[in-house]
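Just below is one structure, and these are the notes that go with it.
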Amino acid sequence: MQRKTQETLAAQIHAFLAGGTTALADSVMPNPISEYTDPGRLGEEKATLFRRLPILVGHSSSCAQPKDFLAQELGDVPVLIVRQTDGTLKAFLNVCRHRGSRVTFEECGNRGSFTCPYHAWTYRSDGSLANITNADDFGDVDRAAMGLTELPVEERHGLIWIALTPGTSIDVEAHLGPVFDAEMAAYGIEEFAVERSFTTRAKANWKIIIDGFLETYHLAFLHRTTIGPHIRSNLAPFRPLGSNGCMTAVRTSFDRIRDEDVEAADIEPHLVHAYSVFPNTIIVWSGRHFEAWLVHPDGTDPGSSIVKVMVLGRRSEVEDPANDYWEKNWVVVTDTVLTEDMKVGQSIQQGFASGAQTHVTFGKNEPGVQHFHRMVQRAVAGR
């Protein structure tokens, strides 16, 4: 993060501490419950957000060598990403052009071809059709037109991004915008590696999961025995970055440098940045490692989502067998997000279905949540 941005954040935090307040929106924001519960609304979100915008898939280190591949289901879209022999990436729909089966059910590996398990049609790593079993009996087809359906893919900042609609384009730099793109570049994420990843399902709308990362209002209560004692509740600067955004949580250790000059103090060790990468990803920078939370709708049920967390660390630390930092950090992740936040998120979804209210109300002290939902509404409306 640039020094000028750090100084701006430091000045804001000092002002919030002095005034006993936090970043504030202009007013409260009512948001319809139907945006979390209506299947029609979910269909609109999938069409306008998940099928048109760049979607973060993973880190380049997970698909680094020629013929390495990743196979994932991004919501209800099966994708296959393969490292080519020239070092570039190609992405495809993981769908056999014969009868629609997956061509691989493995999540990752290294191979030069993919053979559909149904009728053994085989595809090369570049997606072209290599073999039709019993070709003479099958009949004539245009093999050149029967390769795997290609998807746009791009590597930027050591991360793999994909567009889920064939024939469209992808421009991650434009999607991030100049300020956010420069900030991501400064972290050097390409020098990191995946320490671990984990995927789970939550009985909650995908936006409920995102909401939980964009305010610190709840920390003193939901996380009072986990991270609550270490991060200030209801105190967080928020920066809109186009459709994206950054909420900065403040560690209680900030008190150690509270009396230091703003222009001289090193504030980064005392902050946690939660970047909202529109539409469905949260990237958390803790000062030592990244967590990327990738959230997708689970099929057609608006009350179900697929959540993947990917932990990224500097290669030297990830590869150090004596480093117990990762296990300790994972305990924090499971105790907070995967246990406390998920439990409450699922109860929120149940509460929405009860008919107790028609709208949820986002407070002035939740500007990050407000910004995210305004961007969703704007995108769905085509503005």
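No donor-acceptor pair under 3.5 Å is formed between the side chain of Thr226 and the backbone N or O of Asp335. Not a single donor-acceptor pair under 3.5 Å links the side chain of Gln357 to the backbone N or O of Phe352. A donor-acceptor distance shorter than 3.5 angstrom exists from the side chain of His59 to the backbone of Ile189, with no hydrogens or angles considered. Listed for the Gln84 side chain is no donor-acceptor partner under 3.5 Å among the backbone atoms of Pro66. For Ser60 (side chain) and Gly158 (main-chain N/O), a donor-acceptor pair under 3.5 Å exists by modelled atom type. At least one donor-acceptor pair closer than 3.5 Å links the side chain of Ser233 to the backbone N or O of Ala220. Distance alone, capped at 3.5 Å, is enough to place a donor-acceptor pair between the Gln346 side chain and the Lys203 backbone. Of the possible donor and acceptor atoms, none in the side chain of Glu317 sits under 3.5 Å from a partner among the backbone N and O of Arg314. Asn94 contributes a side-chain N or O that, together with a main-chain N or O of Thr104, makes up a donor-acceptor pair within less than 3.5 Å. Checked by atom type and distance alone, the side chain of Thr339 never pairs as donor or acceptor with a backbone atom of Thr336 at under 3.5 Å.
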Next on the checklist: Quick one, Glu73 with Arg102, criterion salt bridge (Lys or Arg N to Asp or Glu O under 4.0 Å). Give me CA distance, side-chain angles, the key distance, then yes/no.
Outcome noted: CA-CA 11 Å; Glu73 290 189 28; Arg102 305 286 191 272; 3.4 Å; yes

Next on the checklist: Checking Val82 against Phe114 for the side chain to side chain contact (heavy atoms under 4.5 Å, CB included) test, could you report, in this order, the C-alpha distance in whole Å, the side-chain angles of both residues, the deciding distance, and whether it holds?
Outcome noted: CA-CA 11 Å; Val82 187; Phe114 300 88; 3.9 Å; yes

Next on the checklist: Between Tyr123 and Phe92, is the ring-ring contact (aromatic ring centres under 6.0 Å, His included) condition met? List the steps.
Outcome noted: CA-CA 11 Å; Tyr123 299 86; Phe92 313 95; 9.0 Å; no

Next on the checklist: With side-chain hydrogen bond (donor to acceptor under 3.5 Å, both in side chains) as the criterion, how do His270 and Ser253 come out once you've worked through the C-alpha distance, each side chain's angles and the decisive distance to 0.1 Å?
Outcome noted: CA-CA 6 Å; His270 310 287; Ser253 63; 2.8 Å; yes

Checklist entry - salt bridge (Lys or Arg N to Asp or Glu O under 4.0 Å) between Arg239 and Glu183: does it pass, once the steps are laid out? => result CA-CA 12 Å; Arg239 293 179 292 142; Glu183 202 158 308; 2.7 Å; yes

Checklist entry - Should Ile81 and Asp68 be marked as a side chain to side chain contact (heavy atoms under 4.5 Å, CB included) after you check the CA-CA gap, both sets of side-chain angles, and the distance that decides it? => result CA-CA 8 Å; Ile81 299 167; Asp68 279 357; over 6 Å; no

Item to check | Test side chain to side chain contact (heavy atoms under 4.5 Å, CB included) applied to His119 and Ile132, step by step | outcome: CA-CA 8 Å; His119 297 93; Ile132 297 175; over 6 Å; no

Item to check | Verdict with reasoning, Met342 to Ile209, per side chain to side chain contact (heavy atoms under 4.5 Å, CB included) | outcome: CA-CA 8 Å; Met342 292 292 188; Ile209 308 301; 3.8 Å; yes

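One finds the CG atom of Leu176 at 6.0 Å from the CE atom of Met184 (value rounded to the nearest 0.5 Å). The CG atom of Asp171 sits 12.0 Å away from atom OG1 of Thr168, with the distance rounded to the nearest 0.5 Å. Atoms SG and OH, on Cys96 and Tyr118 in that order, are 10.5 Å from each other to the nearest 0.5 Å. Atoms CG and CG, on Leu24 and Asp26 in that order, are 9.5 Å from each other to the nearest 0.5 Å. One distance of note links CG of Leu164 with CZ of Arg51; it measures 6.5 Å at 0.5 Å rounding. Note that CG of Asn329 is 7.0 Å distant from CH2 of Trp326, once rounded to the nearest 0.5 Å.
Looking at Asn205 and Glu35, their side chains never bring a donor and an acceptor atom within 3.5 Å of each other. Using modelled atom types and a 3.5 Å distance limit, the side chains of Thr252 and His230 yield no donor-acceptor pair. For the residue pair His289/Glu291, the side-chain donor-acceptor check at 3.5 Å is satisfied. Checked by atom type, the side-chain pair Asn234/His218 shows no donor-acceptor distance below 3.5 Å. Residues His296 and Asp76 have side chains that never bring a donor and an acceptor to within less than 3.5 angstrom of each other.
Sorted by first and then second residue, the pairs that involve residues 132-152 and meet ring-ring contact (aromatic ring centres under 6.0 Å, His included), not counting sequence neighbours, are His98-Phe138, Trp121-Phe138.
Looking at Leu80, Thr115, Thr122, Val95 one by one, the single match for side-chain contact (heavy atoms from CB on, under 4.5 Å) with Val103 turns out to be Leu80. Here the rule is salt bridge (Lys or Arg N to Asp or Glu O under 4.0 Å) with Asp298, and of Arg201, Lys308, Lys46 only Arg201 fits it. Residue Trp161 is tested with Ile170, Val57, Val153, Leu89 for a side-chain contact (heavy atoms from CB on, under 4.5 Å); the sole match is Ile170.
Listed by chain and residue number, Asp324 satisfy the salt bridge (charged side-chain N to carboxylate O under 4.0 Å, His left out) test with Lys328 (two or more places apart in sequence, or in another chain).
Within the 4.5 Å cutoff, side-chain heavy atoms of Ile282 are placed close to those of Leu214. You'll find the side chain of Phe50 reaches within 4.5 Å of the side chain of Ile55, heavy atoms only. Put simply, the side chain of Trp206 reaches to within 4.5 Å of the side chain of Glu45, judged on heavy atoms. Residues Leu271 and Arg251 form no side-chain contact, since every pair of their non-hydrogen atoms from C-beta on lies 4.5 Å or further apart. Side-chain contact check for Gln349 versus Ile208: some heavy-atom pair is nearer than 4.5 Å. Contact annotation: the side chain of Arg97 never approaches that of Leu129 to less than 4.5 Å [non-hydrogen atoms, C-beta and beyond]. Contact annotation: the side chain of Val344 approaches that of Leu222 to within less than 4.5 Å [non-hydrogen atoms, C-beta and beyond]. You'll find the side chain of Val360 stays beyond 4.5 Å of the side chain of Pro30, heavy atoms only.
Hydrophobic side-chain contacts under 4.5 Å tie Phe105 to no other Ile, Leu, Val, Met, Phe, Trp or Tyr residue.
When the shell of 6.0 Å around CG of Asp266 is examined, it contains more than 12 heavy atoms from other residues, nucleotides or ligands. The environment of CZ in Arg224 is sparse: at most 12 heavy-atom neighbours from other residues, nucleotides or ligands sit within 6.0 Å. Counting non-hydrogen atoms of neighbouring residues, nucleotides and ligands closer than 6.0 angstrom, the CG atom of Asp136 reaches no more than 12 such neighbours. Within 6.0 Å of CD in Glu268 there are more than 12 heavy atoms belonging to other residues, nucleotides or ligands. In the displayed structure, Arg288 atom CZ is contacted under 6.0 Å by more than 12 heavy atoms of other residues, nucleotides or ligands. Within a 6.0 Å sphere centred on CZ of Arg256, other residues, nucleotides and ligands contribute 12 heavy atoms or fewer.
Under a cutoff of 6.0 Å and an axis angle of 45°, Lys207 and Phe372 do not form a cation-pi pair.
Taking the six-membered ring for Trp and thresholds of 30 and 60 degrees, Tyr187 and Phe290 have ring planes more than 60 degrees apart, a perpendicular arrangement.
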